[in-house]
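Values in this document were obtained by computation on a predicted structure and should not be read as measured data.
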Amino acid sequence: MQTDGADATDPVPDLVLDAAAVLHVSGQSTGMTLAAVDRMNGGLGSTGTLVPTWASLQLVGPAGAVRVAAGSPTGVNMRRVAATMAVVDRAQDGPLDPDQVRGELASARALPISNTLVFSGACATGAGALAVIFGAQHPAVVLVAALSAALGGLARRGVGRLHGEALTQAFVAALIAGLVGVVADRLHVDDATGLVVLCPAMVLVPGPHILNGALDLLSLRVSLGVARLGYAALVLTAVAGGLILGLAAGGLGIAVGQSGAPVPFGVDVLAAGVAAGSYPIFFSMPYRMIVWPVVVGMLVHAAHWWALVAWHVDLAAAAFVSALIAGALLVPISHHLRIPFAAIGFASVVALVPGVYVFRMLSGLVRFAYAPTPDLLTALASDGAVAALVVAGLASGLALPMHAYAVATANRVTRV
């Protein structure tokens, strides 16, 4: 942390900036981080203004002092966010004790990520549930997809212990998924180059970063929003690169233009609940809070199923309506529990994310570069269009309730 300007020796603004830094790098939305800073200012008797960027946070004091904390929002740890927000909440009850705040923030920053074996197991259940949702017709497909994702989860944690950053972790896990797909193809497992490789890759999709980026853009924090979305695009590229390279080792490619079998309503909703319960573990959510994304995820997926099957709504419209329902339900829950809305929201709609279309499109682009055909061009264009429209629908549906809540809160504060 660096300090410049007048009043540079006052330690209280450093505590405010420290709290903001924990929230910023742990996945909290920018809007809630700014609100937390305002409340911390009130509790500690400070008046600093937070200026968030991708690579750092700046706290500008009234006397011209500028404090800078380095850190990029590449991770999601809801335990740290919840613990930090508990400190922020006490600012409503009166003045905060700086020494106590310092100790509690240090404890929050030290909270661990999810246990490695639990994390790996969640990768397995998440990928297996997605395979069911996407129409896996044989138990072997579900089991191999789950095993592949579990191995990828262990590899991600191993790379992390070697100080490998998120892009390397995603690439290695996707590479393993591709290699497992090659082995599954040699063993004649059905859908080896489809669901077996794509479902483990789906658990690598950086949904919270996409949603936080959309929230920043809606709030006209354009540079930060673009940076978040750019980072998400890099992760997706790393995942696609790992998949393609792993499959290429066996002379295979991702199946383009493939679709799964229809899934019965009850199976679809139960699998969505399993997937929604798996993703919070990726984001180190306190276990007692996992029930919320599970319940909401099952509800919105039921609505999505009915929209597609009974009312014959297109994929993008069904995704938007489902995400809008999830957002309306989860915005008050995320504020009450003081956890990142982007993480809990993404966990609830993860089964609707069109990662399959994204990866098939990228694979199709690679194949088109050296073997162009009209049919391949049509397939990859269709996959790309569907993916773009569904992602836009999900992001808009989740972000609009959060944005509306932020605007209403700001207006209420202004009137007071």
If you take all heavy atoms of Pro52 and Thr30, which pair is closest and at what distance? CG-CG2, 3.7 Å

Charged N-O contact under 4.0 Å between Glu104 and Arg90: yes

Might you point out which heavy atoms bring Cys199 and Phe134 nearest each other, and give the distance in Å? SG-CD1, 3.9 Å

Taking atom CD1 of Ile133 and atom CG of Leu270, what is their separation to the nearest 0.5 Å? 10.0 Å

Gap between atom CD1 of Ile325 and atom CG of Leu330 - 0.5 Å precision: 11.5 Å

Determine whether Thr373 and Leu377 satisfy the following criterion, side chain to side chain contact (heavy atoms under 4.5 Å, CB included), listing intermediate values before the conclusion. CA-CA 6 Å; Thr373 65; Leu377 178 61; over 6 Å; no

Between Asp89 and Arg39, is there a side-chain N and carboxylate O pair less than 4.0 Å apart? yes

Whether the side chain of Ser382 engages the backbone of Thr378 through a donor-acceptor N/O pair (distance < 3.5 Å, no angle test) should be reported. no

Are side-chain heavy atoms of Asp268 and His304 found at a separation under 4.5 Å? no

Tell me, with the steps shown, if Phe341 and Val331 meet side chain to side chain contact (heavy atoms under 4.5 Å, CB included). CA-CA 7 Å; Phe341 170 74; Val331 163; 3.7 Å; yes

Rounded to the nearest 0.5 Å, how far does CG of Leu96 lie from CZ of Arg102? 12.5 Å

Is there a donor-acceptor contact under 3.5 Å from the side chain of Arg156 to the main chain of Leu204? no

Okay, side chain of Ser114, backbone of Ile281: is any donor-acceptor separation there less than 3.5 Å? yes

After noting the C-alpha distance and the side-chain angles of Phe320 and Leu394, does the key distance pass the side chain to side chain contact (heavy atoms under 4.5 Å, CB included) rule? CA-CA 5 Å; Phe320 173 76; Leu394 289 175; over 6 Å; no

Using only atom types and a distance under 3.5 Å, with no angle test, would you say the side chain of Arg79 pairs donor to acceptor with the backbone of Leu111? no

Any side-chain heavy atom of Leu398 within less than 4.5 Å of one from Leu324? no

The reported gap from CG in Asp190 to CD in Gln137 (rounded to nearest 0.5 angstrom) is 8.0 Å

Side chain of Ser284, backbone of Met78: donor and acceptor closer than 3.5 Å? no

Taking Trp305 for its side chain and Val263 for its backbone only, find out whether a donor-acceptor pair lies under 3.5 Å. yes

Give me each pair satisfying ring-ring contact (aromatic ring centres under 6.0 Å, His included) with a member in residues 15-41, each pair once, sequence neighbours excluded. none

For residues Ser322 and His301, determine if any side-chain heavy atom of one lies less than 4.5 Å from a side-chain heavy atom of the other. no

Scanning both residues in full, the closest heavy-atom pair of Ala129 with Ala271 reads CB-O, 3.3 Å

If you take all heavy atoms of Ser334 and Ile344, which pair is closest and at what distance? CB-CG2, 4.2 Å

Could you report the tightest heavy-atom contact between Ala173 and Gly152, atom names first, then the distance? CB-O, 3.8 Å

I'd like to know if the side chain of Ser219 and the backbone of Asp216 have a donor-acceptor N/O pair within less than 3.5 Å. no

Heavy-atom distance under 4.5 Å between the side chains of Val390 and Leu352, does that happen here? no

Could you measure the distance from the CZ atom of Arg157 to the CG atom of Leu162? Nearest 0.5 Å is fine. 13.5 Å

Hey, does Val180 have a side-chain heavy atom less than 4.5 Å from the side chain of Val197? no

Out of Ser223, Pro206, Pro73, Pro208, which residue meets the side-chain contact (heavy atoms from CB on, under 4.5 Å) rule with Arg228? Pro73

Passing option when His209 is tested against Trp54, Tyr231, Phe283, Phe346 for ring-ring contact (aromatic ring centres under 6.0 Å, His included): Tyr231

Rounding to 0.5 Å, atoms CG (Leu247) and CG (Asp185) come to a distance of 9.0 Å

Would you call Val267 and Val132 a side-chain contact if the rule is heavy atoms closer than 4.5 Å? yes

Could I get the full list of side chain to side chain donor-acceptor pair (under 3.5 Å) partners for Asn77, not counting sequence neighbours? none

Is the shortest heavy-atom distance from the side chain of Leu57 to the side chain of Val68 under 4.5 Å? no

Using distance alone, with no hydrogens and no angle criterion, decide if Glu165 and Thr168 have a side-chain donor and acceptor under 3.5 Å apart. yes

For Leu23, is there any backbone N or O sitting under 3.5 Å from a side-chain donor or acceptor partner on Ser26? no

Ser46 side chain vs Gly42 backbone, donor-acceptor pair below 3.5 Å: no

Between Ala276 and Pro280, what is the shortest heavy-atom contact and its length? O-CD, 2.7 Å

Heavy-atom side-chain contact between Leu17 and Leu50 under 4.5 Å: yes

Answer yes if the side chains of Ser56 and Thr53 hold a donor-acceptor pair under 3.5 Å, and no otherwise. yes

Can you check side chain to side chain contact (heavy atoms under 4.5 Å, CB included) on Val189 and His138, steps first, answer last? CA-CA 9 Å; Val189 175; His138 299 287; over 6 Å; no

If you measure only the distance, is there a donor-acceptor pair under 3.5 Å linking the side chains of Ser107 and Arg80? no

